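Please read all numbers here as calculations on a predicted model, not as lab measurements. Every chain is numbered from 1, with letters handed out A, B, ... down the list of sequences.
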Amino acid sequence: QQQVKQSPQSLIVQKGGIPIINCAYENTAFDYFPWYQQFPGKGPALLIAIRPDVSEKKEGRFTISFNKSAKQFSLHIMDSQPGDSATYFCAANSGGSNYKLTFGKGTLLTVNP
Amino acid sequence: DAGVTQSPTHLIKTRGQHVTLRCSPISGHKSVSWYQQVLGQGPQFIFQYYEKEERGRGNFPDRFSARQFPNYSSELNVNALLLGDSALYLCASSPWPRTGNQPQHFGDGTRLSIL
């Protein structure tokens with residue numbers, strides 16, 4: 001059972017465009033929602049994260065929008081650059097005292113010059 | 001500051017063998033988690049360790065085991081390797097206790113190939 005569904009699977013935009021990646025979750029016990037960026041041959045690197053009591057968070061060119069009632073959240077990348085080309089993963093952490101991330105399947109983003 | 005370090009970076013084994021992967025967490029982080037990332041998929045949770053005890057386990061067979069040492073470093077062991085164990089194995093470290101706003105930071109992983 002996939003608890004975090006991510007779409008689209010792949011995305012191509014032009015430089016300066018605003019790619020949007022969407023995720024939906026089922027488990028209402030999730031209490032922390034990070035986004036990770038992964039380049040080939042590297043581990044996932046934390047981009048930005050949000051808690052469900054916040055509807056939006058911005059860090060630099062990255063924005064998370066969170067809709068708790070719909071159990072959906074999305075990542076927007078402003079003024080995208082070719083260097084942003086990577087795979088992006090949304091994730092959700094189970095509530096409580098332990099760390100356990102459930103990841104989406106990833107979105108391969110390509111930003112053309 | 002050094003991030004999460006994992007060794008080795010690449011490993012090739014044959015079916016039936018066993019393997020040990022190592023992880024050193026970020027200085028000051030006391031919790032270590034292990035994830036398996038199959039090509040083209042998101043990472044999947046295997047274990048979390050704190051104070052040398054398993055704090056959580058994902059849906060993996062008993063062939064997978066781990067331990068944590070007094071210096072908070074960790075080892076992941078996989079016995080009786082199968083072709084399907086070929087994957088990138090990721091270690092993540094995080095502070096303890098968890099207060100809700102702390103992320104997990106990942107190393108670059110060990111690429112395990114089973115022939």
Student: Show your working on side chain to side chain contact (heavy atoms under 4.5 Å, CB included) between A:Asn93 and B:Arg98 and close with a plain yes or no.
Tutor: CA-CA 11 Å; A:Asn93 197 91; B:Arg98 179 176 184 255; 3.1 Å; yes

Student: About how many Å separate CD of B:Gln104 and OH of A:Tyr36, when rounded to the nearest 0.5 Å?
Tutor: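 CD of B:Gln104 is found 5.5 Å from OH of A:Tyr36.
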
Student: Members other than B:Trp96 in its cluster, when Ile, Leu, Val, Met, Phe, Trp, Tyr link by side-chain heavy atoms under 4.5 Å?
Tutor: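 Its cluster mates, by chain and number, are A:Tyr99, B:Tyr50.
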
Student: Side chain to side chain contact (heavy atoms under 4.5 Å, CB included) for A:Gln38 and B:Gln37? Distances and angles first, verdict last.
Tutor: CA-CA 12 Å; A:Gln38 187 174 30; B:Gln37 186 177 22; 2.9 Å; yes

Student: When rounded to the nearest 0.5 angstrom, what distance separates CZ in B:Arg55 from CG in A:Asn98?
Tutor: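 Reported to 0.5 Å precision, the distance equals 7.5 Å.
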
Student: Heavy-atom count around A:Gln9 CD within 6.0 Å, excluding the residue itself: above 12?
Tutor: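 Open.
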
Student: Above 12 or not: heavy atoms from other molecules or residues under 6.0 Å from CZ of B:Arg15?
Tutor: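 Incorrect, the count does not exceed 12.
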
Student: What do you reckon, is CG of B:Leu39 surrounded by more than 12 foreign heavy atoms closer than 6.0 Å?
Tutor: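 Check fails, neighbour count at 12 or below.
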
Student: About how many Å separate NZ of A:Lys100 and OH of B:Tyr35, when rounded to the nearest 0.5 Å?
Tutor: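 B:Tyr35 atom OH to A:Lys100 atom NZ measures 9.0 Å (nearest 0.5 Å).
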
Student: Who among B:Pro103, B:Ser33, B:Gly109, B:Pro43 has the most heavy-atom pairs with chain A under 4.5 Å?
Tutor: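 Sorted descending by pairs with chain A, the first entry is B:Pro43.
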
Student: Using a cut-off of 6.0 Å, state whether more than 12 heavy atoms not belonging to B:Lys13 lie near its atom NZ.
Tutor: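 Enclosed.
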
Student: If you round to the nearest 0.5 Å, how far is NE2 of B:His105 from CG of A:Leu46?
Tutor: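 It is 6.0 Å, given to the nearest 0.5 Å.
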
Student: Is A:Ser94 in contact with chain B via its backbone, its side chain, both, or neither, using a 4.5 Å heavy-atom distance?
Tutor: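 Contact with chain B involves the backbone of A:Ser94 alone.
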
Student: Check for a donor-acceptor pair, side chain of B:Asp108 on one end and backbone N or O of A:Gly43 on the other, with a separation under 3.5 Å.
Tutor: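 Yes; at least one donor-acceptor contact below 3.5 Å.
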
Student: Would you give me the side-chain donor-acceptor pairs under 3.5 Å for residues 69-76 of chain A, sequence neighbours excluded?
Tutor:
{"from": "A:Ser69", "atom 1": "OG", "to": "A:Asn67", "atom 2": "OD1", "distance (Å)": "2.8"}

Student: Can you tell me which portion of A:Pro44 sits under 4.5 Å from chain B's heavy atoms? Options are side chain, backbone, both or neither.
Tutor: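 Backbone plus side chain of A:Pro44, per the 4.5 Å heavy-atom cut-off to chain B.
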
Student: Would you indicate whether B:Asn71, at its atom CG, is surrounded by more than 12 heavy atoms from other residues, nucleotides or ligands within a distance under 6.0 Å?
Tutor: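 More than 12 heavy atoms, drawn from other residues, nucleotides or ligands, come within 6.0 Å of this atom.
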
Student: Answer with side chain, backbone, both or neither: which region of B:Gln41 has an atom nearer than 4.5 Å to a non-hydrogen atom of chain A?
Tutor: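 Contact with chain A: backbone and side chain both.
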
Student: Check the hydrophobic clustering (I, L, V, M, F, W, Y; side-chain heavy atoms under 4.5 Å; chains of links allowed) and say if B:Phe47 and B:Val38 are grouped together.
Tutor: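 Unlinked, B:Phe47 and B:Val38 end up in two clusters.
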
